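Count residues from 1 along the sequence. What you see is a predicted model, and the numbers here were worked out from it, not measured in a lab.
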Amino acid sequence: MARASGVSGEMVANTYRRILRGADQNFPFWVVLHEDKCIGQNFHKLRDFCRERELSLSRHGHSVTWEHEYYQVFMFAEEADSEVFRKEFGGEPIHPSEKGHGKNWARWKKGTHNSKS
């Protein structure tokens, strides 16, 4: 069945992947929250918190899975902003390299990042 707009699902997926690649580069400081903390009124609470404090939150995001649980990824341009957010909402840092690839792009490879410090 063809879409009325003439845009295929693959074109939409490719465009979204391109947007996320740009966000990955410009917003390299990530924090994950369990999905339960991000739904309903909490969704607005999280966004309002960032807007009121002028945190560098990307308007793009995605979710990842770990041990059959869903987590929302919040991406920030500034490390200090990600820390403010993480501390306020009990989030956990995630490095962009811990995101899956290919068909497993949404799998969180938790703990696989090796910092070079």
Side-chain angles (χ1 to χ4, degrees):
M1 175 182 219
R3 290 179 174 245
S5 65
V7 177
S8 74
E10 185 62 28
M11 287 175 63
V12 170
N14 285 337
T15 300
Y16 188 68
R17 281 192 289 269
R18 209 169 36 254
I19 288 168
L20 283 180
R21 270 195 305 274
D24 287 357
Q25 293 168 0
N26 297 321
F27 297 87
F29 303 101
W30 294 8
V31 176
V32 295
L33 294 179
H34 193 275
E35 183 179 47
D36 292 343
K37 293 182 176 183
C38 305
I39 57 176
Q41 287 302 316
N42 288 338
F43 173 83
H44 299 291
K45 181 180 176 182
L46 297 167
R47 301 291 173 182
D48 291 345
F49 178 86
C50 292
R51 185 178 57 255
E52 290 165 3
R53 287 158 183 79
E54 298 181 354
L55 302 183
S56 58
L57 177 66
S58 172
R59 55 187 195 134
H60 302 289
H62 58 281
S63 61
V64 293
T65 61
W66 183 67
E67 292 188 348
H68 307 289
E69 298 281 339
Y70 284 91
Y71 295 82
Q72 293 297 315
V73 179
F74 295 85
M75 304 172 347
F76 295 87
E78 302 295 328
E79 185 173 18
D81 293 351
S82 72
E83 281 301 303
V84 167
F85 181 85
R86 184 187 66 75
K87 288 177 182 174
E88 178 70 18
F89 297 105
E92 189 172 345
I94 173 177
H95 191 271
S97 67
E98 294 178 320
K99 182 179 69 170
H101 300 283
K103 69 180 183 176
N104 295 316
W105 69 270
R107 186 169 297 149
W108 180 10
K109 301 181 296 180
K110 187 174 182 177
T112 60
H113 173 68
N114 294 322
S115 62
K116 296 179 181 175
S117 44

Just how far is it from atom [atom1] of [X] to atom [atom2] of [Y], taken to the nearest 0.5 Å?
| X | Y | atom1 | atom2 | answer |
| --- | --- | --- | --- | --- |
| Cys38 | His44 | SG | NE2 | 12.5 Å |
| Glu79 | Ser56 | CD | OG | 10.5 Å |
| Leu55 | Glu88 | CG | CD | 10.0 Å |
| Glu35 | Thr65 | CD | OG1 | 11.0 Å |
| His34 | Asp36 | NE2 | CG | 5.0 Å |

Heavy-atom pair of closest approach, residues [X] and [Y]:
| X | Y | value |
| --- | --- | --- |
| His113 | Ser97 | ND1-OG, 3.2 Å |
| Arg86 | Pro93 | CD-CD, 3.5 Å |
| Lys37 | Leu46 | O-CD1, 3.6 Å |
| Ser63 | Ala106 | O-CB, 3.9 Å |

Single-linkage hydrophobic cluster [X]~[Y], side-chain heavy atoms < 4.5 angstrom:
| X | Y | value |
| --- | --- | --- |
| Tyr71 | Phe29 | no |
| Leu33 | Trp66 | no |
| Tyr70 | Val64 | no |
| Val31 | Met75 | no |
| Leu57 | Val73 | no |

Report task. Find out whether Ser58 and Asn26 are in side-chain contact, i.e. whether some heavy atom of one side chain is under 4.5 Å from a heavy atom of the other. Result ->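 The answer is no; the side chains never approach within 4.5 Å.
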Report task. Would you mind checking if Lys45 and Asp48 are paired as a salt bridge, meaning a charged N to carboxylate O distance below 4.0 Å? Result ->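 A salt bridge is absent here (no side-chain N lies under 4.0 Å from a carboxylate O).
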Query raised in the report: Which one of Lys99, Glu98, Glu92, His95 satisfies the side chain to side chain contact (heavy atoms under 4.5 Å, CB included) criterion with Trp30?
Result: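 It is Lys99, the one option of Lys99, Glu98, Glu92, His95 that forms the side chain to side chain contact (heavy atoms under 4.5 Å, CB included) with Trp30.
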Query - Phe85: partners by ring pair (Phe, Tyr, Trp, His ring centres under 6.0 Å), with sequence neighbours left out - result: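 Testing Phe85 for ring pair (Phe, Tyr, Trp, His ring centres under 6.0 Å), a comparison that skips the adjacent residues, returns Phe74, Phe76, Phe89.
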